[in-house]
Each structure stands twice: as structure tokens, then as C-alpha cells.
Amino acid sequence: MSENKHERAERRERHAREVEESQEALRESISETERLVGESDKMLRRHRQEREDGGD
């Protein structure tokens, strides 16, 4: 059973849309990871400073 031109075009469009959605999700994930790493860095610096200042 072969696809006609219309079915192939629909499949290509669907794949392109799925790839774009996947890329957007990946960009959001990377952005959130960068945010979390930044927060972690701030926390580590704060803890290091507290130790240097004589805290626990």
C-alpha cells in the first residue's frame, strides 16, 4: 500500500512540527538547567562565605 503525495506531505509536515516541538522542549530544559546551576552556584558561594566568616 503506497502513500499518495498528500499523505507524504502531511507526514513531512507532522514530522517537522514534532521536531520543532522537541527542539522547543529541549531549549526550555536547557534554560531551566542553566537557571538551577546558577542558583546552586549562588548557594555554594554563600555557604563558602559563611564558613570563611566563622559560621558553621
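Quick caveat, the model's predicted, so the values are computed rather than measured.
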Could you list the donor-acceptor pairs under 3.5 angstrom formed between side-chain atoms of residues 26-37 and any protein atom two or more places apart in sequence or on another chain?
residue, atom, partner, partner atom, Å
R27, NE, E24, OE1, 3.4
R27, NH2, E20, OE2, 2.9
R27, NH2, E24, OE1, 3.1
E32, OE1, R35, NE, 3.0
E32, OE2, R35, NH2, 2.7
T33, OG1, S29, O, 2.9

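For H15, the side chain to side chain donor-acceptor pair (under 3.5 Å) test picks out no residue, with sequence neighbours left out. Evaluation of the salt bridge (charged side-chain N to carboxylate O under 4.0 Å, His left out) rule for R11 yields E3 as partners, not counting sequence neighbours. With sequence neighbours excluded, no residue forms a salt bridge (charged side-chain N to carboxylate O under 4.0 Å, His left out) with K5. Residues forming a side-chain contact (heavy atoms from CB on, under 4.5 Å) with R48 (at least two apart in sequence, or on another chain): L44, R45, R51, E52. When the salt bridge (charged side-chain N to carboxylate O under 4.0 Å, His left out) test is applied to E13, no partner is found at least two apart in sequence or on another chain.
Tested against E10 for a side-chain hydrogen bond (donor to acceptor under 3.5 Å, both in side chains), the candidates H6, R8, R12 yield a single pass: H6.
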